[in-house]
Structure formats: C-alpha cells, structure tokens
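Have a look at the structure below before the remarks.
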Protein chains: 2
Amino acid sequence: MTQARPGGRSARVRAQVLRATGDVLAEQGFAHLDLADVARRADVGKTTVYRRWGTPTALVADLLLDMAEQSSPRTDTGDLLEDLRANARLVHRTLTDPRQGSLFQSVIAAATCDGQAATALHGFYATRVAEWAPCVEQAVARGEAPPGTDAHAVIRAVSAPLYYHLLTTGGLDGALADQAAEAAAVAARAGVYVRP
Amino acid sequence: MTQARPGGRSARVRAQVLRATGDVLAEQGFAHLDLADVARRADVGKTTVYRRWGTPTALVADLLLDMAEQSSPRTDTGDLLEDLRANARLVHRTLTDPRQGSLFQSVIAAATCDGQAATALHGFYATRVAEWAPCVEQAVARGEAPPGTDAHAVIRAVSAPLYYHLLTTGGLDGALADQAAEAAAVAARAGVYVRP
DNA sequence: TCATTAAAGGTACTGTGGTGCCGTTAACGT
DNA sequence: ACGTTAACGGCACCACAGTACCTTTAATGA
C-alpha cells in the first residue's frame with residue numbers, strides 16, 4: 001500500500017529548499033531563479049528539486065504557502081484612521097525592507113508570469129486581508145463607517161496605491177502610506193465601500 | 001562614416017516583430033515569449049531578432065515604447081466624478097478586453113521581472129497619467145477640489161484599486177471601477193491629495 | 001545610376017538547463 | 001529490531017535556445 005512520508009528528511013529538504021528559494025529571490029529576483037542553483041544553495045540533490053517542484057513558479061507557490069502561515073500582528077487603537085495608518089505603514093515597511101521588499105517584488109513577478117503562483121498569491125493576500133478586516137468591522141460597530149461597509153474592500157484600498165506606485169513608478173515614499181490610509185478612511189466614512 | 005538606416009526594411013522588420021510579440025504575449029503570456037518563435041511568426045530571420053533585441057524583456061520594452069505613442073482619448077464632462085468614472089471604465093475595459101487585457105498582464109509580468117522593461121512601463125504610465133491629469137486640474141479650477149491638489153496622484157488613485165485587485169484576486173467586476181472613481185473623487189474633494 | 005555599407009538572412013555549432021536511470025538512504029509499520 | 005519502500009542523490013545524456021560566421025539584400029549619398 002502507498003504510504004505518505006512527510007516526516008524528518010523530506011521536511012528538512014523542503015525547509016532548506018524554501019530558504020534557498022527566498023534567498024535567491026531576495027538577492028537576484030525571480031528571473032534568476034534557477035532550480036539547479038537552488039539545489040546547490042540548499043545542499044540538496046538537483047534531481048530532488050526537479051522532481052518535487054519542477055518549475056520556478058511551483059517553487060514560489062510553495063514558498064507563498066509557507067509565508068501565509070506566518071501571520072502579521074494587527075493593531076487595535078479604537079480609531080479607524082489610526083488602524084489603517086498602522087496597516088499602511090506596515091505594508092510600506094515590508095515593501096521597502098531590503099530583503100522582504102525584494103522578496104515580495106519577486107513573488108509578484110512570479111504570480112504575474114504563472115497561474116499557479118498567482119493562485120498561491122491570491123491565497124496569501126486573502127489571509128492577510130482577513131487578518132486586518134476586523135479593525136474595519138469594529139469601526140463600523142463604533143459608527144465610524146456606515147453599516148454594510150465591506151471591510152475587506154477598505155483594507156485592500158489601503159494597500160492598492162502602494163503596490164500601484166511600485167509597479168508604475170518603481171519607488172515608494174513614506175508620505176504615500178499615510179495618504180493611502182487617509183484616502184481609504186475618508187472614502188469608507190463617506191460610504192463608498194457599502195455593499196450594494 | 002557611420003550611417004543610421006531607420007528606413008524601409010528595418011522599419012518593416014520592427015513593425016512585424018512588435019506585432020508578433022504582441023500576439024504571443026496576448027495568446028500565451030510573457031513566460032512563453034521565445035525569440036525564435038517571434039522570429040518565425042514575424043517571418044523574419046531568427047538572427048535579426050537576437051541581434052536587434054537579444055532578450056524577451058528588451059522586446060517588451062520596445063513594444064511599450066510603441067504603445068506609449070498611441071494616445072487614449074480623454075473625456076471632459078465638466079464634472080470630476082464623471083471624468084474619473086470615465087477613466088476608471090476605460091482602464092477596466094482595457095484590462096478585461098480579451099486581447100488588450102492579456103497583453104497588459106504580460107507586459108506587467110515582464111516589468112516585474114526585469115528592470116529595463118520596468119523603466120519602459122514607468123514611461124508608459126507617466127504619459128497615460130499625464131494625459132488624464134488636466135481633468136483634475138480643471139476640477140481644481142472649478143473649485144471641486146482644493147488648490148494644490150496633485151492631479152497625477154488623483155488619476156493614479158483611480159487605477160490603483162483595479163490593478164491591485166487584478167494582482168491579488170485575479171478578477172475584476174464592473175462595480176469596482178465605479179467604486180474606485182468614487183473613492184478617488186471623495187478623497188480628492190476632502191483634500192487628501194493636496195501636496196505638502 | 002551606381003558604389004558603399006548597414007542591416008537582414010541562412011546555417012552550422014555549442015553550452016547548458018532539464019530528464020531518465022539506477023543505486024542509496026532513511027522513514028514508517030509491525 | 002527489522003523489512004519494506006518512498007524519497008533522495010549522482011551521473012550520463014540530449015534537445016534546443018542562443019551564438020558565430022558568412023552571404024545576401026537594399027537603403028543611402030553623390
């Protein structure tokens with residue numbers, strides 16, 4: 001009978017490979033993600049990487065699965081604008097951090113190139129957005145935003161300008177994060193994100 | 001003495017190659033953009049494509065240069081929200097169009113993978129944003145938004161949620177375009193985009 | 001019209017990313 | 001403790017993307 005063996009060695013190999021993958025992505029970007037190179041860095045057989053993952057995008061997809069498991073801490077200041085600002089600054093900090101920033105850029109590159117990585121990225125952001133949605137829901141409960149406000153939409157509205165700027169201009173400045181938070185807060189209060 | 005020869009044949013070759021490049025990007029995506037394949041489709045020597053462009057990203061960069069030259073018509077209804085809505089719907093239509101949508105996705109993929117293509121994409125969006133900025137400037141002149149409002153920032157705020165949705169969920173619905181336009185209009189009127 | 005020479009086209013070759021094969025290792029059930 | 005077998009590791013191989021080299025075409029200037 002067929003037996004799954006996720007223990008010991010396999011788990012160690014996966015951890016080593018994912019760590020090496022993250023290193024390459026952060027240092028050289030998705031375009032230079034070579035399976036043979038990853039195998040070398042991970043100190044793992046080249047054949048193993050080709051057999052278990054097969055393509056660079058599959059590697060990234062698995063890495064995203066791993067990244068989604070590590071949750072980010074959420075604030076709860078009792079003020080919508082303040083919470084959104086904290087979220088915007090967290091995203092901004094992540095995207096401009098030397099390692100994390102490059103890593104995210106690379107992961108995004110993979111997702112725009114391949115459907116499998118894209119699906120993994122969708123899952124990643126779904127969990128991240130869900131983690132922060134409660135602070136909007138609480139704002140609604142406090143009467144800061146109208147009932148029926150789509151909490152997920154508000155959280156997404158905070159990140160959107162930051163990612164869009166990165167794509168279309170390549171840079172991010174600190175003021176942009178606060179501006180994004182303010183815009184989302186103002187629009188949310190005005191009822192723009194009330195579900196139809 | 002060295003002479004440039006941009007006439008006749010070279011121009012025809014470039015046009016054929018860029019058309020073939022667009023076809024491949026729209027049909028199969030950036031990951032499948034192969035120079036030999038492009039040469040075959042363009043009915044052009046394989047060597048020529050390798051010599052003149054060399055890499056897939058260089059091909060995309062040149063295509064973007066070509067795309068930036070074709071300008072998109074801007075509305076001028078005399079109402080900020082109406083103009084922004086028109087812009088949002090134009091972007092939405094472009095991104096969901098079978099050919100244009102796939103093409104943009106692929107071009108974005110190239111830009112996230114490579115610096116050269118990224119620079120070309122920045123140029124492309126800079127011209128597109130500049131084309132639409134006047135409708136915000138006029139809204140400021142009419143008193144619809146406070147003086148000092150950054151017109152480019154407002155236009156970018158309209159597109160941002162659409163691109164962000166595409167990246168993080170993979171889908172776009174029509175209501176989102178109107179929502180994006182409303183959010184940008186509300187925030188602009190509230191003075192969120194006034195330069196410091 | 002004709003000489004000049006960029007730039008395109010054809011072909012043969014090569015370096016390497018990716019695969020197939022098979023021996024080795026170490027998880028898991030009893 | 002021990003046998004079974006899933007999964008890893010090493011090596012040889014091969015297809016093909018990318019290059020080198022040379023020939024041909026046609027754009028330019030006088």
Side-chain angles (χ1 to χ4, degrees), chain A residues 1-21 23-25 27-63 65-66 106 109-110 113-114 116-117, chain B residues 1-21 23-25 27-63 65-66 106 109-110 113-114 116-117:
Chain A
M1 182 196 163
T2 323
Q3 297 281 110
R5 294 190 185 186
R9 185 165 59 158
S10 292
R12 209 197 68 225
V13 164
R14 176 168 184 255
Q16 281 172 303
V17 167
L18 292 188
R19 187 190 46 70
T21 301
D23 288 349
V24 174
L25 289 181
E27 288 168 25
Q28 305 182 268
F30 175 66
H32 292 82
L33 185 63
D34 178 58
L35 298 213
D37 183 38
V38 168
R40 224 174 299 122
R41 285 171 177 251
D43 210 18
V44 156
K46 171 182 160 185
T47 315
T48 301
V49 178
Y50 276 101
R51 191 187 9 249
R52 274 189 69 170
W53 289 278
T55 62
T57 51
L59 217 41
V60 174
D62 198 26
L63 179 64
L65 226 64
D66 193 64
S106 302
C113 288
D114 173 80
Q116 186 186 9
Chain B
M1 182 195 165
T2 324
Q3 297 280 109
R5 293 192 186 186
R9 185 164 60 158
S10 292
R12 208 198 69 224
V13 164
R14 177 168 183 254
Q16 281 173 299
V17 167
L18 292 188
R19 187 191 46 69
T21 301
D23 288 349
V24 174
L25 290 181
E27 289 168 25
Q28 306 182 268
F30 175 67
H32 292 84
L33 185 62
D34 177 59
L35 298 214
D37 183 38
V38 168
R40 224 174 299 123
R41 284 170 176 252
D43 210 19
V44 156
K46 171 182 161 186
T47 316
T48 302
V49 179
Y50 276 102
R51 188 171 345 100
R52 273 188 69 171
W53 289 277
T55 62
T57 51
L59 218 39
V60 173
D62 199 25
L63 180 64
L65 227 64
D66 192 65
S106 301
C113 289
D114 173 82
Q116 186 185 7

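As a basis for the values below, the full set of heavy atoms in this structure was taken, side chains included, without hydrogen atoms, waters or symmetry mates. Just so it is clear: chains get the letters A, B, ... in the order the sequence lines come, proteins before strands, and each one is counted from 1.
- With contacts defined as side-chain heavy-atom distances shorter than 4.5 Å, the pair B:Leu25/B:Leu63 qualifies.
- Taking atom CZ of residue B:Arg12 and atom C1' of nucleotide C:dA7, one finds them 12 Å apart after rounding to whole Å.
- A:Tyr50 places none of its side-chain heavy atoms less than 4.5 Å from the side chain of A:Thr47.
- Under a 4.0 Å N-O distance rule, the pair B:Arg52/B:Asp62 does not qualify as a salt bridge.
- Nucleotide C:dT16 holds its C1' atom 14 Å from the CG atom of A:Leu35, rounded to whole Å.
- Sequence order on DNA chain D of the closest nucleotides to B:Gly54 and A:Thr48 puts A:Thr48 first from the 5' end.
- A:Thr47 contributes a side-chain N or O that forms a donor-acceptor pair with the base of D:dG10 under 3.5 Å.
- The phosphate of D:dA7 has neither OP1 nor OP2 within less than 4.0 Å of any side-chain N or O from A:Arg52.
- For A:Arg51, counting side-chain heavy atoms from C-beta on, the closest listed nucleotide (C:dA7, D:dG9, D:dA17) is D:dG9.
- Straight-line distance from the CD atom of B:Gln16 to the C1' atom of C:dA8: 12 Å, rounded to whole Å.
- A:Asp37 places a side-chain heavy atom less than 4.5 Å from the side chain of A:Arg40.
- For B:Tyr50, the side-chain atoms get nearest to D:dG18 when compared with the rest of D:dG18, C:dG18, C:dA8.
- Here D:dG18 is the nucleotide among C:dG18, D:dG9, D:dG18 with the atom lying nearest to any side-chain atom of B:Lys46.
- For A:Trp53 and D:dG9, the CH2 to P distance is 10 Å, given to the nearest whole Å.
- Spacing between atom CZ of B:Arg40 and atom C1' of D:dC16 amounts to 11 Å, rounded to whole angstrom units.
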